Structure formats: C-alpha cells, structure tokens
Amino acid sequence: MAGDAGRRSGVTLTTRFAPSPTGPLHLGHAYSALLAHDMARAEDGRFLLRIEDIDPARCRPEWEARIIDDLTWLGIRWDAEPMRQSERHAAYGSALDDLWCRHLLFGCSCTRRDIADALSAPQEDGAPIIGPDGPVYPGTCAPDDPAAPRPSVRPTHCHLRLDMTAALIACQEQIATPSADDPGLAFTETGPHHHGRVVTPPTFYRDHIGDIVLARKDFGTSYHLSVVLDDAAQGITHVVRGEDLFEATRIHVLLQHLLGLATPVYYHHGLIRDDSGRRLAKRDDARALAKYRSEGATPDDIRRMVGLRPSS
Ligand code: GLU
C-alpha cells in the first residue's frame with residue numbers, strides 16, 4: 001500500500017495513529033488505525049500510538065483508557081510507549097521560542113468574534129476566504145514592521161500567530177529550488193484520491209491560509225504545531241489519516257520547512273460515512289466500537305464493515 005514513492009531505502013517505514021481522547025472510537029477511527037497498522041506490518045515497519053491530548057478542557061483520561069482498550073481488542077499493537085502531547089510542552093515551547101526569535105510569530109489577542117466582525121465589514125476585494133484553517137486572518141494584530149525590536153521572550157498571555165509573509169520569505173530557497181515545475185512547497189500523497197506530488201504555491205499560503213495560530217493562549221500550542229513536531233519526534237515516515245486533513249497538510253509542510261524537519265509521505269484515506277452520507281463524528285455513539293463489541297462483533301467483523309480484509 002505504501003507504494004514505491006513511499007519507500008525510502010534504509011529507513012524503517014513508521015506509521016502512527018493519533019487519536020484525541022475526547023470521546024469513543026467509532027468505525028472511522030478503527031479504519032484509520034487498522035490501515036496504518038496494516039501498512040506498517042506489511043512492510044515490516046513500526047506502528048506507533050500518540051495520544052493527542054493538548055486540550056485539557058476536552059480530553060479525559062477515561063477516554064484514553066477506552067481507546068487503548070478498543071485498539072488492543074482490534075488486534076493493534078504499538079512498538080513503543082504511546083507518546084502523550086500533554087507531556088510535550090517543553091518541545092512545543094522551544095520550537096515557539098525559535099520561531100519567535102526569528103520574527104516569524106506575532107502576538108494576537110483577537111477573539112473569534114473580533115475576527116468575524118473584521119471579516120464581515122465590507123471588503124474591497126470580495127467575500128472573506130475560508131482556508132484549511134478557517135477564515136483567513138484579517139491581519140488586525142500583525143506588526144506594521146515585522147523587523148521592529150520586540151521583547152526577547154515570547155508572550156504567553158495571548159495567541160501566537162505565524163507571520164505568513166515572513167514565513168514565506170524564510171522558505172524562499174526551498175520554494176524556488178525543488179525543481180523548475182515545483183514552484184512551491186510539496187509533499188508526496190499516496191492515498192486513493194490525490195495520488196502524486198502535491199505542490200502548494202506561495203500565493204495559496206498567503207491568500208488561503210494566512211497568519212494561522214500556532215499557540216493558543218489557553219493551552220500554549222496548536223494542533224498544527226504539535227502534530228508536526230510529534231511526527232518528527234516519533235520518526236514517522238508515513239502519515240495515514242482521513243482526507244479531512246488533506247488540506248491541513250499544506251500547513252504541516254510549511255512548518256516542517258521552517259523547523260528543519262523532514263516531510264513524511266502522506267496517505268489520506270476516504271472517510272467512513274453514516275447511512276445519510278455524513279462523516280462519523282465522536283458524538284456518533286451509534287457507530288462506537290463499544291456498541292459493536294457489546295453486540296458480539298469480532299475484530300474481523302469490524303474489518304469487514306470498513307472494507308478491509310479479515311486478518312486471518
Ligand atoms: N488527533 C486527530 C484526530 O483525532 C488526528 C490528527 C492526525 O492524524 O494528524 O482527528
């Protein structure tokens with residue numbers, strides 16, 4: 001499944017499953033975890049588990065325990081102790097310090113409301129753009145002169161946003177040199193829907209992504225920053241995850257370049273949907289693995305339900 005593009009000689013193929021312990025695992029999670037696990041086992045590689053528990057308001061240890069129980073029941077085994085994002089704040093902090101010192105971040109105290117208000121004001125150039133990270137930030141708190149002197153210690157009482165213009169300048173070399181027909185930052189996609197090299201031009205970063213939040217003031221990091229640092233720290237060579245995160249990968253590739261990290265190969269799989277075609281969400285208890293388990297389903301029944309071959 002990893003494909004030739006995915007193989008790197010001398011490097012052990014390493015995949016991961018990275019659930020957030022905010023609710024029960026459902027069939028969609030089982031599919032994602034089994035795909036990543038099967039890929040690692042088929043290639044004699046490694047499979048790792050990461051608990052994405054950066055948001056203390058939503059994550060619960062009880063959910064983590066149930067997730068681990070469901071994964072074990074499915075026959076999934078991980079090859080190292082699980083990584084927990086709640087134990088990784090030092091790594092997130094030092095990456096933020098680095099970006100702050102390089103003038104790639106600015107403090108922002110805008111609320112969602114402030115941003116919505118700024119964006120709903122009549123626009124000179126049309127309707128606000130909604131990118132992979134939501135509405136593109138209108139620049140309210142962006143510094144007029146990014147090179148102006150600023151405190152040497154990054155602020156923690158506000159959000160920290162990536163200064164996209166400065167970030168693109170910092171990546172200029174990578175953007176200009178990969179090859180004549182790759183004028184942007186690129187990653188290799190091996191999933192069923194977008195197979196090949198995915199290139200994101202600087203204009204897309206500027207106009208459709210913008211100054212994204214890299215550290216939220218309530219928990220000091222963000223999904224994008226943490227996932228990139230953690231994939232690198234776990235030595236992930238192949239990221240297997242749902243296609244709902246395909247667009248976010250453009251952000252991850254930029255952060256990898258800024259932080260000097262390797263870009264893994266990506267495999268974005270289709271989403272498991274309910275009977276009315278909606279993707280499953282954590283609140284869909286009706287599709288929770290626990291429900292199928294209580295009704296006597298076996299792990300192979302679950303594999304069949306999500307379209308995978310039975311393990312035996
Ligand atoms: N924690 C994310 C989720 O549960 C997955 C993130 C990822 O795979 O990059 O949806």
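We number each residue from 1, following the sequence as shown. Since the model is a prediction, treat every value here as computed from it, not as a measurement. Ligands are counted one by one from 1 in listed order, and the atoms in each one are counted from 1 as well.
The L245 neighbourhood of ligand 1 comprises atoms 6 (C), 7 (C), 9 (O), with distances under 4.0 Å to a heavy atom of that residue. Set against the non-hydrogen atoms of E52, the atoms of ligand 1 under 4.0 Å away are 1 (N), 2 (C), 5 (C), 6 (C). With ligand atoms numbered from 1 in the order given, ligand 1 contributes 9 (O) to contacts under 4.0 Å with heavy atoms of V227.
Only side-chain heavy atoms of R16 come within less than 4.0 Å of ligand 1; its backbone N, CA, C and O stay farther off. In V239, neither the side chain nor the backbone holds a heavy atom less than 4.0 Å from any atom of ligand 1.
Heavy atoms of H29 stay at 4.0 angstrom or farther from ligand 1. Within the structure, the closest approach of Y223 to ligand 1 falls below 4.0 Å when heavy atoms are considered.
Among the atoms of A18, some N or O lies under 3.5 angstrom from an N or O of ligand 1. Considering backbone and side-chain N/O of R50, none are found under 3.5 Å from N/O of ligand 1.
D133 and H224 share a donor-acceptor pair across their side chains, judged by distance under 3.5 Å alone.
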Exercise. Show your reasoning for whether ring-ring contact (aromatic ring centres under 6.0 Å, His included) applies to H269 and Y31.
Key: CA-CA 9 Å; H269 59 75; Y31 179 53; 5.0 Å; yes
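Between D70 and R66 there is no salt bridge, since no side-chain N of the basic residue sits under 4.0 Å from a carboxylate O of the acidic one. The pair R113-D117 meets the salt-bridge criterion, since a charged nitrogen lies less than 4.0 angstrom from a carboxylate oxygen. Salt-bridge formation is detected for the pair E64/R84: a Lys NZ or Arg NE/NH1/NH2 atom is positioned less than 4.0 Å from an Asp or Glu carboxylate oxygen. Salt-bridge check for D38 with R41: failed, with every basic side-chain N at 4.0 Å or more from each acidic carboxylate O.
Linking ILVMFWY side-chain heavy atoms closer than 4.5 Å, directly or via other members, places L214 and V136 in two distinct hydrophobic clusters.
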